[in-house]
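One structure is given here, and the rest of the page talks about it.
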Amino acid sequence: MSAIPTPKEGWFNLLYFASAKSFTSKDFDTFPAPLELPALFLRLEEMYNGITEKVLGSSMVTINLEYVDVPQPGDESSQVVTIKEGDEVAIIPPVSSG
């Protein structure tokens with residue numbers, strides 16, 4: 001992965017790894033902040049049709065190197081995470097061993 005530029009003011013970076021990188025054909029995207037995590041997933045599905053089922057449904061997410069809970073549809077009990085300006089968010093698909 002090449003060096004990721006610092007996002008412009010009011011934005012955050014989303015990094016893609018493994019199958020997320022293959023699916024999007026990108027190392028990263030930038031998005032305006034603030035943005036709630038479920039809204040980010042909806043935006044990704046709009047940009048990359050099928051990413052929810054093929055990648056996001058089985059991936060983990062970090063914000064500033066800290067793993068965060070990904071709310072499941074219809075789960076009202078979990079706290080919604082809001083991504084802020086300058087945050088570094090990563091989509092980390094499962095890694096197979098062998």
Side-chain angles (χ1 to χ4, degrees):
M1 180 179 283
S2 60
I4 305 297
T6 302
K8 63 184 178 182
E9 186 174 328
W11 292 66
F12 67 90
N13 283 335
L14 173 64
L15 311 181
Y16 301 114
F17 294 95
S19 60
K21 181 178 176 177
S22 297
F23 195 91
T24 63
S25 300
K26 293 182 174 180
D27 290 331
F28 72 99
D29 273 317
T30 57
F31 294 92
L35 187 63
E36 292 182 347
L37 188 55
L40 173 62
F41 277 28
L42 289 174
R43 183 148 327 149
L44 289 171
E45 182 62 30
E46 290 171 0
M47 294 170 62
Y48 306 106
N49 188 33
I51 195 170
T52 301
E53 180 182 342
K54 291 183 168 71
V55 178
L56 300 178
S58 59
S59 295
M60 300 182 82
V61 175
T62 64
I63 298 177
N64 301 324
L65 303 177
E66 298 278 333
Y67 286 97
V68 297
D69 291 329
V70 177
Q72 300 303 312
D75 182 5
E76 302 295 325
S77 64
S78 62
Q79 184 175 353
V80 175
V81 175
T82 300
I83 305 162
K84 299 178 211 59
E85 174 184 348
D87 282 350
E88 181 180 80
V89 181
I91 303 294
I92 305 174
V95 178
S96 62
S97 60

Spatial distance of atom CD (E9) from atom CH2 (W11) [nearest 0.5 Å]: 12.5 Å
Counting N and O atoms only, with roles assigned by atom type, does the side chain of E88 sit under 3.5 Å from a partner on the main chain of I63, one being a donor and the other an acceptor? no
Less than 4.5 Å apart, any side-chain heavy atom of L37 and any of V80? no
Looking only at heavy atoms, which two atoms of I92 and F17 are closest? And how far apart? CG1-CD1, 4.4 Å
Tell me whether V70 shares a hydrophobic cluster with V89, the cluster being built from Ile, Leu, Val, Met, Phe, Trp, Tyr side chains joined at under 4.5 Å. yes
Residue pair D27 / K21: nearest heavy atoms and the distance that separates them: OD1-CE, 2.7 Å
Please report the shortest heavy-atom distance between F12 and K84, naming the atom on each side. CB-O, 3.7 Å
Member of S58, P94, P93 meeting the side chain to side chain contact (heavy atoms under 4.5 Å, CB included) criterion with S19: P93
Hey, does the side chain of N13 reach the backbone of P5 with a donor-acceptor pair shorter than 3.5 angstrom? yes
Shortest non-hydrogen separation from E45 to G50 and the atoms involved: OE2-N, 2.8 Å
I want to check something: taking the side chain as every heavy atom from C-beta on, are F31 and L44 in contact at a cut-off of under 4.5 Å? yes
Locate the shortest heavy-atom distance separating A33 from I83; write the atom from each residue and the value. CB-O, 4.0 Å
Output the distance between atom CG (D87) and atom CG (L14), rounded to the nearest 0.5 Å. 11.5 Å
Please determine whether the number of non-hydrogen atoms from other residues, nucleotides or ligands lying under 6.0 Å from atom CG of D69 exceeds 12. no
Is there a side-chain contact between F41 and V61 (heavy atoms, below 4.5 Å)? yes
Hey, does I91 have a side-chain heavy atom less than 4.5 Å from the side chain of L56? yes
Separation between CZ (R43) and CD1 (I51), nearest 0.5 Å, reads 14.0 Å
Measuring only between side-chain heavy atoms, which start at C-beta, is D29 closer than 4.5 Å to M47? yes
For residues M60 and L15: do they belong to one hydrophobic cluster (side chain heavy atoms under 4.5 Å, members Ile, Leu, Val, Met, Phe, Trp, Tyr)? yes
Find out if a path of hydrophobic residues (ILVMFWY) with successive side-chain heavy-atom gaps under 4.5 Å connects V55 to V68. yes
